[in-house]
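Comments concern the structure below.
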Amino acid sequence: MWGLKAPEAIQKDMVDGDEQYKVISLEAMPEYAGDFILYGVLDGTDPAFVTSSNLWNALPAVKNGKTLPYEQVSWMHRDPITLNAQADAFIAFFEQFKGK
C-alpha cells in the first residue's frame, strides 16, 4: 500500500522466511532498521535504555522522526477490534509522511 521495503535482514528471515520476530542486540539495530521503525514497549517499562542511546539516535528513521512506539502486549491480540485499532494507528502514522 505504501511501497515500503524491508531491510535485507528482515526481508530474508521474516518476509520471505517463517521467522515471526527476533530479539536483537542494540548494536545490531542498524542492520535491522529501515526508513521507519515501529517498536513495541512493554507497559510499565522504560524504553530509555534504547531510546537514549547514541546508536538509536544516529539511526536515520529516528533522526527523521519516523518512529512509532506502541504498547506491545495490547497489540498481541488478534481480534477484530485490536486489528482495526492497529490499522488505524498505522494509517495515521504513515499518512503524516505522504508526499514527503
Report yes if some heavy atom in the side chain of Leu4 is under 4.5 Å from a heavy atom in the side chain of Phe94; otherwise report no. yes

Taking Gln86 for its side chain and Trp75 for its backbone only, find out whether a donor-acceptor pair lies under 3.5 Å. yes

Approximate separation, where rounding is to 0.5 Å, of Phe90 CZ and Asp88 CG: 10.5 Å

Determine, step by step, whether Tyr70 and Leu38 satisfy the side chain to side chain contact (heavy atoms under 4.5 Å, CB included) criterion, reporting the C-alpha distance in whole Å, the side-chain angles of both residues, the deciding distance to 0.1 Å, and the verdict. CA-CA 7 Å; Tyr70 59 88; Leu38 288 67; 4.3 Å; yes

From Gln96 CD over to Lys98 NZ, what is the distance, rounded to the nearest 0.5 angstrom? 12.0 Å

In the hydrophobic cluster built from side-chain contacts under 4.5 Å, what are the other members alongside Leu83? none

Exam field: side chain Glu71 to backbone Asp43, donor-acceptor pair closer than 3.5 Å: yes

Does Leu42, at its CG atom, have more than 12 non-hydrogen atoms belonging to other residues, nucleotides or ligands within less than 6.0 Å? yes

Gap between atom OG of Ser53 and atom CG of Leu59 - 0.5 Å precision: 7.5 Å

Residues Met29, Leu55; criterion side chain to side chain contact (heavy atoms under 4.5 Å, CB included); working and verdict: CA-CA 8 Å; Met29 187 85 63; Leu55 194 145; 3.7 Å; yes

Closest contact, heavy atoms only, Ala61 versus Gly34: CB-O, 3.5 Å

So the salt bridge (Lys or Arg N to Asp or Glu O under 4.0 Å) pairs with at least one residue in residues 6-15 (sequence neighbours excluded) are Asp13-Lys22

Nearest heavy-atom contact between Tyr32 and Pro7 is O-CG, 3.4 Å

Note: Lys66 and Phe93 closest approach over all heavy atoms is C-CZ, 3.6 Å

For Asp35, the salt bridge (Lys or Arg N to Asp or Glu O under 4.0 Å) test, sequence neighbours excluded, returns none

Asp79 side chain to Ile81 main-chain N or O, any donor-acceptor pair under 3.5 Å? yes

When you measure from the side chain of Asn57 to the backbone N and O of Thr51, does any donor-acceptor pair fall under 3.5 Å? yes

How far does CD1 of Ile37 sit from OG1 of Thr67, to the nearest 0.5 angstrom? 7.0 Å

Using the ring-ring contact (aromatic ring centres under 6.0 Å, His included) rule, take Trp56 and Phe49 through it: C-alpha gap first, then chi angles, then the decisive distance, then the call. CA-CA 10 Å; Trp56 172 263; Phe49 168 75; over 10 Å; no

If you group Ile, Leu, Val, Met, Phe, Trp and Tyr by side-chain heavy-atom gaps below 4.5 Å, do Val41 and Val73 land in one group? no

Enter the distance from Ile10:CD1 to Asp16:CG here, rounded to the nearest 0.5 Å. 12.0 Å

Side chains of Pro69 and Tyr39: does their closest heavy-atom pair fall under 4.5 Å? yes

